2 protein chains.
Amino acid sequence: MTSVDALASLGRARALVARSTTAERVADAVREEVVEGRLRPGERLPEQDVCTALAVSRNTVREALSQLVAERVLVREAHRGVFVARPDRDAVRDVYRARRLIEPAAVRYGEAWSRDGVAALRTAVQEGHAAAAAGDWNAVGSANQHFHRALVGLAGSPRLDQQMGLLLAEMRLVFHRMPDVREFFEPYLARNDAICALLEAGDRAAAADAVTDYLDAALAQLLDAYDALDR
Amino acid sequence: MTSVDALASLGRARALVARSTTAERVADAVREEVVEGRLRPGERLPEQDVCTALAVSRNTVREALSQLVAERVLVREAHRGVFVARPDRDAVRDVYRARRLIEPAAVRYGEAWSRDGVAALRTAVQEGHAAAAAGDWNAVGSANQHFHRALVGLAGSPRLDQQMGLLLAEMRLVFHRMPDVREFFEPYLARNDAICALLEAGDRAAAADAVTDYLDAALAQLLDAYDALDR
DNA sequence: TCTTGCAGGATTGTTGAACAATCCTTACGC
DNA sequence: GCGTAAGGATTGTTCAACAATCCTGCAAGA
């Protein structure tokens, strides 16, 4: 006799079984190339090239590329092709507009605030420090993303987690436009540490304010960098 | 001699020129059917049927359906087909978890708070009252969505607007599972009015708190309805 | 020199047909 | 009632083709 609880538990695992059509795997592969920076912002992705590179048919490739367009990782121009997204000033401003509402709110009011949630933050902070000590600034960027993902994780909302994933993927494209990312990550190691400490002390309001300050500072720095970037 | 300003203005209009591939139009058509409730939650959409109904090829249909799956309007089960999404308790809880963070924050801190923004709210409120007077509770639901869309619009963020659009589309599917929607819309006409009045008076903090209360009440009512719904 | 118009080639948008893999149904035997 | 096998239907994926559109280069004209 199987218990109802056991069946419900199995039901939640269904997503793991079902996964993985070819189109999804193609999308995953291309997304990986983009967020890791091996495909530069603005670069073109001819369908035929993706077909031969991954040995799948053009229809499947189109399905995968459409998904990445919906994720804002790529942009499609009709009859011209798909390109790696190249976020402009407005995009950066808007991403931070969204983050500035979501992240502090998750810290202040998130339902999933718990010892485990804060522990995930601490892990990301340590990951960042370790990467900085090793001089791997790309890894520091990844750790930073884990930190902010963990912040939003305090809300306990899969939908917000997913949305945050899109915003952070877009941020990676922003950083890939920058000549040197160290200046964008180094100042925030200490800030992450401070935010984490406030949360460990249980002061969610102060932590939320610190996150707001953090985001304002990061946006200002990025906009300055954009001024120096294109004309 | 064309001025630089005029060219920049044209550039901003580019999105209007580029629009409209067949797959997008198919996606729009199917989304419309779902959101308007002519396709019920849980209903199956065989690819072939969509092909013949809209006179497009199966590949194009698949591209459109994939997009709607990404929007959570449809769900795909491998080798079984796509179905109109049928949000369960967890989905409802999570949608409200997200809304409860985003909407009050937009009201409290939104950058686009302005006379025009509040005017859009007032318009939605009046639309709701008019529809209620006419006894058209479906239209009241639409007006309610316009109201919440306008709330998030106060943030002035296209990305948040889009996210809110997805959440509201999911909410329509929730309501389409309900036998009678009047009970879900009627109590909130007065609440919308009150929230709008607070914002017209410039009291954003009180308005944000009222939005939070609103969402908590709506979620509780919906979960009760779900208890009465499935077993 | 600068612009305009026009072939030619390449890529995208879309279609149609095909096939293997998988699922659903039904019938059969136990 | 339960496991199993056969048959049909649908999905996942590929291939090949064509029209529409874009880009390039070049020639003609102001």
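Letters go in sequence order (proteins before strands), and every chain restarts at 1. Only a predicted model underlies this, so the values are computations on that prediction, with no experimental measurement involved. These numbers come from the heavy atoms of this one structure, side chains and all, not from hydrogens, waters or symmetry mates.
- Between the CZ atom of B:Arg80 and the C1' atom of D:dT11 there is a distance of 12 Å, given to the nearest Å.
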Please walk me through it: do A:Glu71 and A:Gln67 pass side chain to side chain donor-acceptor pair (under 3.5 Å)? CA-CA 6 Å; A:Glu71 294 178 16; A:Gln67 163 138 8; 3.2 Å; yes

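- Residue A:Arg62 places no side-chain N or O under 4.0 Å from the OP1 or OP2 atom of C:dT12.
- Between B:Thr60 and C:dT15 there is a side-chain N or O to OP1 or OP2 distance below 4.0 Å.
- If you take CD of B:Gln48 and C1' of D:dG12, they are 14 Å apart, rounded to a whole angstrom.
- A sub-4.0 Å separation between OP1 or OP2 of D:dT13 and a side-chain N or O of A:Thr22 is present.
- Of the two residues near DNA chain D, B:Asn59 and B:Arg44, the one whose nearest nucleotide lies more 5' is B:Arg44.
- Atom P of nucleotide D:dG12 and atom CZ of A:Arg25 are separated by 13 Å, given to the nearest angstrom.
- Rounding to whole angstrom units, CD of residue A:Glu63 and C1' of C:dT12 are separated by 17 Å.
- The side chain of A:Arg58 places no N or O atom within less than 4.0 Å of a non-bridging phosphate oxygen (OP1 or OP2) of D:dA17.
- Using a 4.0 Å cut-off between charged side-chain N and carboxylate O, A:Asp28 and A:Arg25 make no salt bridge.
- Atom-to-atom, NE2 of A:His79 to C1' of D:dC18 comes out at 14 Å; the value is rounded to the nearest Å.
- Between the CD atom of A:Glu47 and the C1' atom of D:dT14 there is a distance of 15 Å, given to the nearest Å.
- Figure legend: A:Arg172 and A:Phe175 shown without cation-pi pairing, the cationic atom not lying both under 6.0 angstrom from the six-membered ring centre and within 45 degrees of its axis.
- One can place CZ of B:Phe83 at 12 Å from P of D:dT10, the figure rounded to the nearest angstrom.
- One interatomic measurement links the two molecules: CD of B:Glu24 to P of C:dT14, which rounds to 9 Å at whole-angstrom precision.
- Between A:Glu170 and B:Arg159, at least one side-chain N (NZ, or NE/NH1/NH2) sits under 4.0 Å from a carboxylate O, which counts as a salt bridge.
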